[in-house]
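What follows is a set of notes on a single structure, which appears directly below.
Atoms within each ligand, like the ligands themselves, are counted from 1 in listed order.
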Amino acid sequence: MSEVKKVRVVVIGSGPAGLTAALYTARALYSTVVITGKYMGGQIATTSDVDNFPGFPDGIQGPELTERMRAQAERFGAEFVFDEVTEVDFEHGSPYRVKTYNTEYVADSVVVTIGASPRHLNVPGEVEYTGYGVSYCATCDGFFFRGKDVIVVGGGDSALQEGIFLTKFANSVTIVHRRDELRASVALQKRAFANPKIKFIYDTVIDEVKGETLEDGIRKTTGVMLRNVKTGEVNEQPIDGVFIFIGYDPNSRIFGDQVAKNEDGYMLVDDKMRTSVEGVFAGGEIHDFTFRQAITAAGQGCSAALSAIHWLQDREDELQPLDEAAPTLETASGD
Ligand code: NAP
C-alpha cells in the first residue's frame, strides 16, 4: 500500500497556473503539495524565448521562467513532488483523495491546473524538429518567423486565427487542411480569404517534416512531404516553419465524471474558478480553451488559489490536524 499523506492543498500540475496557485496557498500558510506531472512546468517549459510574460523586458527562456516560479513558491514552503496523479476520489466529500504512483494525498482542497496538450500529427520529423521550426504556439514563436514562409496545419478556428496572426511576421502562410471544407467560423474564413499573405492547400496532409542539422548542432526545418488524400500525389514543399493547430485535449481523463466538463472534456468553472465539486478549483488550460497564455494561466491559478484559501478559511474550525492518520482511498471508498 502506498504512503498516505495529509495536506491542506494539493495542486495538480506545475505549469504557470499551478506554480502561481502554490505560491498563493503556501504563502497563506496552508501546507501545499504540487504534483508536477511527468514534466515540470507544462507547455511553457518547452517554449524557448518567452517575450510576453510581463516583468521580463528582455524576454526569458521558458525553463528559466518555470524555475523562477517554482523557487518562489518553494520559498513559502510549497512542496514539489515529481509524480503523476493516477486516480482521485472527489465523491466522498472533503478531505479529498488524490493518488499518485507513489503516495496517496488526503487534501482538504484541490486546485486542478493539469492543462491541455496540443494534438500532434504523429509523423516522422515532428518531434525531432519541435522547437526548431515545428511549433504549437504562434503567439510564442511567430516572432521568430519574420520574413519566412510557414505552413499552418488544420482547418479549425485555431488554425485560421493563428494563421492570420502569423501573417504579421511571416512572408507567407500556407494553411494545409485535410478536407476541402474548413471547420472554422465563417467570420474567420472571410478574414483569412481576404488576407493576401494566406493561401490554402486542401485535401492534403503532412506525411513528414524534413530538416537538417547545422554545423553548430542546431536543427532546422527545411520542408514537408505533402500528400493529396484524394489523388495520392506526394510532393516535397520547402518551408521554414510548421505550425500545428489540429486541436487540444484537456488532460481531464483521470477525473472521469466526478467533475463537470464540457463536451470536449474541459472542466467547467464559475467566475471564482470553482468546479462542480465543493473545495475543488481549477485554473489554466484544463478549463480555458480561449486564451491559452502563460500569463492568463498564472492569473487563473491565482484566482483558483484565492478561492481555495477563502474556502479553507471558512472551514478553519472543521479542519482536522494534519498529523492524524488518514484513511486510504481504498478504505474511504469502501472498495
Ligand atoms: P478544432 O475545432 O477541433 O479543429 C481542429 C482542426 O484540425 C480541424 O479542421 C480538423 O480537421 C483538423 N485535424 C484534426 N486532426 C487532424 C490530423 N490528425 N491531421 C490533420 N488535421 C487534423 O480545434 P481548434 O481549432 O483548436 O478549436 C478548438 C475549440 O476552440 C473550438 O471549439 C473552437 O471554436 C474554439 N476556438 C475558438 C476561437 C475563436 O472563437 N476565435 C479560436 C480558437 C479556438 P477536420 O475539420 O477535418 O476535422
Quick check: [X] and ligand 1, any N/O pair under 3.5 Å apart?
X      : value
Arg292 : no
Gly156 : yes
Arg183 : yes
Val153 : no
Asp157 : yes
Asp264 : no

What class does the angle between the rings of His120 and Tyr136 fall in, given that below 30° is parallel, 30 to 60° is tilted and above 60° is perpendicular? parallel
Could you tell me the residue and atom name of the protein heavy atom closest to [atom], and the distance to it rounded to 0.1 Å?
atom                    : value
atom 19 (N) of ligand 1 : Leu121 CD2, 3.9 Å
atom 9 (O) of ligand 1  : Gly155 N, 3.0 Å
atom 30 (O) of ligand 1 : Phe289 CD1, 4.0 Å
atom 3 (O) of ligand 1  : Arg119 NH1, 4.2 Å
atom 24 (P) of ligand 1 : Ser158 OG, 3.2 Å
atom 47 (O) of ligand 1 : Arg179 NE, 2.6 Å
atom 23 (O) of ligand 1 : Gly247 CA, 3.6 Å

Could [X] and [Y] be called an ion pair, given the rule that one side-chain N must be under 4.0 Å from one carboxylate O?
X      : Y      : result
Glu91  : Arg97  : no
Lys220 : Asp240 : no
Asp203 : Arg179 : no
Arg292 : Glu162 : no

By number and element, which atoms of ligand 1 are closer than 4.0 Å to a non-hydrogen atom of Gln161? 41 (N), 42 (C), 43 (C)
Would you mind finding which of Ile246, Val205, Leu160, Thr290 brings a heavy atom closest to atom 22 (C) of ligand 1? Ile246
Counting heavy atoms only, which of His120, Arg178, Glu162 is nearest atom 20 (C) of ligand 1? Arg178
Does the separation of the ring centres of Phe200 and Phe193 fall below 6.0 angstrom? yes
For residues Phe90 and Tyr96, establish whether the separation of their ring centroids is below 6.0 Å. yes
Classify the side-chain pair Asp288/Gln300 by whether it contains a donor and acceptor separated by less than 3.5 Å. yes
Does His177 have a heavy atom less than 4.0 Å from any atom of ligand 1? yes
